[in-house]
Amino acid sequence: DSALSPGPLKVLWITWAPSHGPHSASPPYPGLPMMEVRINISRQQVEKVFGLEEYWCQCVAWSSSGTTKSQKAYVRIAYLRKNFEQEPLAKEVSLEQGIILPCRPPEGIPPAEVEWLRNEDLVDPSLDPNVYVTREHSLVVRQARLADTANYTCVAKNIVARRRSSSAAVTVYVNGGWSTWTEWSACSATCGRGWQKRSRSCTNPAPLNGGSFCEGQSGQKTACATLCPVDGGWTEWSKWSACALDCTRWRSRECSEPPPRNGGEECQGADLDTRNCTSDLCIHTASGPEDVALYVGLIAVAVCLVLLLLVLILVYCRKKEGLDSDVADSSILTSGFQPVSIKPTKADNSHLLTIQPDLSTTTTTYQGTLCPRQESSGPKFQLTNGHLLSPLGSGRHTLHHSSPASEAEDFVARLSTQNYFRSLPRGASNMAYGTFNFLGGRLMIPNTGISLLIPPDAIPRGKIYEIYLTLHKQEDVRLPLAGCQTLLSPIISCGPPGVLLTRPVILSMDHCGEPSPENWSLRLKKQSCEGTWEDVLHLGEESPAHLYYCQLEARACHVFTEQLGRFALVGEALSSAAAKRLKLLLFAPTACTSLEYTIRVYCLHDTHDALKEVIQLEKQMGGQLIEEPRVLHFKDSYHNLRLSIHDVPSSLWKSKLLVSYQEIPFYHIWNGGAQQFLHCTFTLERFSPSTTDLACKIWIWQVEGDGQSFNVNFNINKDTRFAELLAPDNEGGVPALVGPSAFKIPFLIRQKIISSLDPPCGRGADWRTLAQKLHLDSHLGFFASKPSPTAMILNLWEARHFPHGNLSQLAAAVADLGKQDTALFMVSEAEC
């Protein structure tokens with residue numbers, strides 16, 4: 001106030017805050033003096049007066065005119081806590097889905113500022129309109145893109161510190177989508193009812209970053225019908241026309257019963273027939289000298305043919321006598337047996353078939369050819385360790401059943417020089433071979449269920465054949481499959497093809513089908529020398545006069561054939577209930593030196609040869625079986641096979657599988673002829689090297705079909721309890737057996753049974769009753785078409801029951817026929 005004379009002005013700065021050094025300011029009004037007061041005080045002094053409450057600073061000025069105070073300036077201690085109140089969490093989102101990553105920064109003074117990092121790069125919403133940060137500091141992605149797959153970090157900072165949250169992994173996945181259906185395939189049948197198929201793939205888009213696989217079927221099948229071609233047929237000839245002036249008459253017919261349609265063949269032959277005729281208008285002339293000459297010439301040719309035939313018969317008879325006397329004399333078959341006296345009145349006749357020959361060893365080289373139609377100058381077999389016949393005066397009568405291992409490569413090399421045999425494997429593990437004569441023998445590929453039985457007299461007397469038996473890997477031999485066909489057996493070669501056989505041999509092999517006439521159409525395929533595959537037998541439609549015949553059992557089949565070659569059993573599903581057996585095996589490493597551990601799940605055909613291949617592969621990889629094998633029935637339903645792992649202890653192990661299950665497509669199992677087994681791998685990671693116990697469940701199932709569950713619980717370093725399940729069977733020892741040692745039934749007993757049961761008997765005690773007792777009565781027509789039905793029955797028994805067949809049961813079946821007379825089983829001293 002101007003009315004008041006101003007007195008001296010006094011200013012006091014009251015501050016409880018620590019000083020930060022000298023402070024100067026320009027006076028608000030020039031010419032007026034300004035007083036500045038400073039005081040230094042520590043934080044401890046303030047807290048001593050104010051405690052932990054807030055403290056403040058205030059400026060007070062007074063003079064004679066009065067006192068004035070500034071507003072209080074509150075001073076706080078700056079800080080930033082370490083832990084976020086809410087951190088962002090990992091997320092898995094589908095493409096174009098929104099993403100929200102929340103972040104609540106730690107408490108602090110002043111409040112923290114928040115920024116976001118993506119893979120350590122700053123996220124700037126001003127540069128990317130697809131992202132923004134809310135007032136609550138949450139990061140929002142409007143539409144997820146594949147590029148948004150990254151690790152996100154929330155960063156909080158103020159004047160005191162800078163804090164980082166845990167990184168949150170965001171995965172943008174793509175669920176699989178079906179492509180459009182392909183066009184329907186051509187009808188599988190060229191005539192009548194068949195099938196059409198179409199397929200689609202899970203590629204629109206393909207699953208990515210753990211996205212789910214497409215739901216539903218990847219293939220469809222529908223019935224179709226094709227009009228069958230009808231070949232044309234001739235009508236009956238019309239009546240002969242009247243004799244014409246040129247001494248001819250004619251008759252005609254038409255191709256109309258039926259007419260050709262749907263691409264059928266036209267009628268073969270002429271539709272008009274003319275002949276000479278005689279009538280009142282024609283002059284009948286006698287035969288001229290040309291007709292007489294024709295008749296004389298025909299008679300001369302006929303006489304020459306008869307003389308030539310007589311000469312050939314004479315040469316053949318002399319040659320046969322020479323060969324028979326050179327191979328064996330009457331003592332060969334009987335010199336090894338001792339006199340046996342059997343009383344027919346005893347009830348127990350199990351010993352009747354157990355007479356064994358007195359055998360010894362001799363070594364002789366036979367000079368035989370690979371094929372009787374071709375001459376071979378290659379090396380011959382040195383056959384040793386034979387136990388076929390007793391020692392004779394000349395070693396030329398002795399034939400042995402095995403060859404030294406060093407000659408296996410020579411044998412395969414000789415076969416491989418011929419065109420047909422170039423696809424044979426070079427190794428000997430899947431091959432058996434031997435040299436055989438009329439006494440017969442047996443070839444076996446160990447641990448595969450594959451054998452070839454050569455019965456006595458199947459090879460003509462005087463002939464010696466080198467015969468082989470080979471198991472092919474499916475990737476080495478292409479077998480075309482059409483429609484709903486699937487391979488049920490291994491592909492086997494026996495040969496050489498083209499050799500002359502006088503009796504059927506029996507080829508035995510496993511199959512993986514569940515045979516039932518209403519669900520399967522089974523066919524035996526054979527490859528020709530040109531390489532094409534042909535259907536040589538339709539099981540269930542065999543005829544007795546056919547070159548091939550098959551005894552089908554639950555897990556094996558026995559094929560009678562008089563022609564050697566390459567064979568396979570193929571099935572065509574007639575309904576969705578048709579199933580093939582898959583064997584499921586779980587393998588894992590025997591030793592684990594890293595944190596990762598893998599479990600391999602094999603799905604293979606339920607046959608011995610496929611199991612042998614997997615075992616050999618795992619032995620090379622150092623694997624061990626960790627659970628007992630299971631069998632799954634895989635149906636022709638077009639549904640895939642799924643595999644998943646569950647109940648892995650999360651405190652000890654972590655599964656590295658990004659999806660909930662693995663899947664094997666239906667066609668890889670049903671039509672995939674390139675290999676007999678498929679496998680999936682589950683990779684686990686343990687948190688500590690000291691963890692050795694693993695417990696989990698593995699499920700394997702066909703969608704809408706059969707399934708199996710494995711409860712895995714073992715120690716990865718020392719658990720070998722399932723090793724004995726993979727111990728190979730010896731299957732009777734050596735791969736090749738020659739002569740009597742190849743058969744369970746002694747030779748002389750076999751001959752006596754045949755001679756006794758082959759003739760028909762009014763009381764019914766003949767070979768038919770034996771077939772019924774051995775449950776082979778469904779093949780009576782085939783047995784009856786052969787010269788010796790009893791020999792066929794005994795051959796089939798040998799093929800089915802070697803080497804573990806029970807002779808006692810066979811003896812009981814023979815004895816029950818009512819033929820228990822001395823002449824049936826007695827071996828006289830004269831025969832010995």
Side-chain angles (χ1 to χ4, degrees), residues 175-176 178 199-202 207 210-221 484 486-488 511-516 519-520 555 571 573 575-588 598-607 610-611 614 618 625-649 653 655-672 675-684 694-714 722 725:
N175 292 325
W178 288 114
S199 61
R200 58 182 178 175
S201 59
C202 189
S212 63
F213 198 80
C214 302
E215 294 290 340
Q217 299 180 357
S218 62
Q220 288 182 341
K221 179 172 69 172
C484 305
T486 182
L487 183 64
L488 298 177
H511 68 82
C512 64
E514 286 293 316
S516 57
N519 296 332
W520 283 106
R555 302 178 64 89
S575 71
S576 59
K580 58 194 296 186
R581 296 187 314 276
L582 299 182
K583 178 157 287 188
L584 308 177
L585 300 174
L586 268 60
F587 280 90
T598 58
I599 298 178
R600 295 181 289 274
V601 183
Y602 289 87
C603 307
L604 58 141
H605 288 174
D606 187 19
T607 57
L611 179 61
V614 170
E618 280 295 329
L625 187 69
I626 62 174
E627 268 297 325
E628 187 173 353
R630 308 282 176 83
V631 174
L632 182 141
H633 294 84
F634 190 80
K635 293 184 178 180
D636 181 24
S637 62
Y638 288 88
H639 289 299
N640 299 336
L641 189 69
R642 291 181 176 177
L643 306 93
S644 62
I645 187 168
H646 305 272
D647 298 345
V648 179
W653 296 85
S655 173
K656 304 190 73 174
L657 186 65
L658 297 179
V659 293
S660 58
Y661 58 83
Q662 300 187 63
E663 197 164 42
I664 300 177
F666 169 83
Y667 289 101
H668 288 187
I669 299 175
W670 198 263
N671 301 103
Q675 53 186 357
Q676 293 185 91
F677 63 88
L678 301 164
H679 85 277
C680 289
T681 299
F682 292 101
T683 302
L684 304 176
L694 174 60
C696 62
K697 288 184 179 179
I698 294 180
W699 293 350
I700 305 169
W701 75 101
Q702 186 181 16
V703 180
E704 298 184 11
D706 191 18
Q708 290 287 357
S709 174
F710 292 87
N711 293 318
V712 178
N713 190 351
F714 74 109
F722 298 104
L725 295 177

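Rounding to the nearest 0.5 Å gives a distance of 10.0 Å between CG of Asp706 and CG of Leu641. For the atom pair CG of Leu611 and CG of Leu585, the computed distance is 6.0 Å after rounding to the nearest 0.5 Å. For the atom pair SG (Cys680) and CD1 (Ile645), the distance works out to 12.0 Å, reported to the nearest 0.5 Å. Between the CD1 atom of Ile664 and the NE2 atom of His679 there is a distance of 9.5 Å, given to the nearest 0.5 Å. In this structure, Gln708 CD and Leu643 CG are separated by 12.0 Å, a value rounded to the nearest 0.5 Å. Gln662 CD to Arg642 CZ: the interatomic distance, rounded to the nearest 0.5 Å, is 12.5 Å.
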Chi angles and distances behind the side-chain contact (heavy atoms from CB on, under 4.5 Å) call for Val659, Phe213: CA-CA 9 Å; Val659 293; Phe213 198 80; over 6 Å; no
Derivation and outcome, side-chain contact (heavy atoms from CB on, under 4.5 Å), residues Ile599 and Leu694: CA-CA 11 Å; Ile599 298 178; Leu694 174 60; 3.9 Å; yes
Could you give me the CA-CA distance, side-chain angles and deciding distance for Arg555 and Asp606, then say whether side-chain contact (heavy atoms from CB on, under 4.5 Å) is met? CA-CA 9 Å; Arg555 302 178 64 89; Asp606 187 19; 2.9 Å; yes
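Residues Glu628 and Phe710 share a closest heavy-atom pair of O-CE2, 3.4 Å. The minimum heavy-atom distance linking Trp670 with Ala573 is given by the pair CZ2-CB, 4.1 Å. Across all their heavy atoms, Leu584 and Cys603 have their closest contact at CD2-SG, 3.8 Å. The heavy-atom pair separating Cys512 from His605 by the smallest distance is SG-CG, 3.8 Å. Closest non-hydrogen pair, Ala579 versus Trp520, comes out as O-CZ2, 3.3 Å. When all heavy atoms of Val648 and Cys696 are compared, the closest pair comes out as CG2-CB, 4.0 Å.
No donor-acceptor pair closer than 3.5 Å links the side chain of Trp178 to the backbone N or O of Ser218. Under a 3.5 Å cut-off, the side chain of Arg200 and the backbone N or O of Gln217 do form a donor-acceptor pair.
Residues satisfying the side-chain hydrogen bond (donor to acceptor under 3.5 Å, both in side chains) test with His646, not counting sequence neighbours, are Ser644. A search for side-chain hydrogen bond (donor to acceptor under 3.5 Å, both in side chains) contacts involving Thr683 returns nothing, not counting sequence neighbours.
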Let me have the donor-acceptor pairs involving side chains of residues 629-640, under 3.5 Å, with sequence neighbours excluded, atom names and distances please.
unit_1: Arg630; atom_1: NH1; unit_2: Ser709; atom_2: O; d: 2.6
unit_1: Asp636; atom_1: OD2; unit_2: Lys221; atom_2: NZ; d: 3.2
unit_1: Ser637; atom_1: OG; unit_2: Gln702; atom_2: NE2; d: 3.1
unit_1: His639; atom_1: NE2; unit_2: Glu704; atom_2: OE1; d: 3.3
unit_1: Asn640; atom_1: OD1; unit_2: Phe666; atom_2: N; d: 2.8

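One finds no salt bridge joining Lys697 and Glu627 here, because no Lys/Arg side-chain nitrogen approaches an Asp/Glu carboxylate oxygen to under 4.0 Å.
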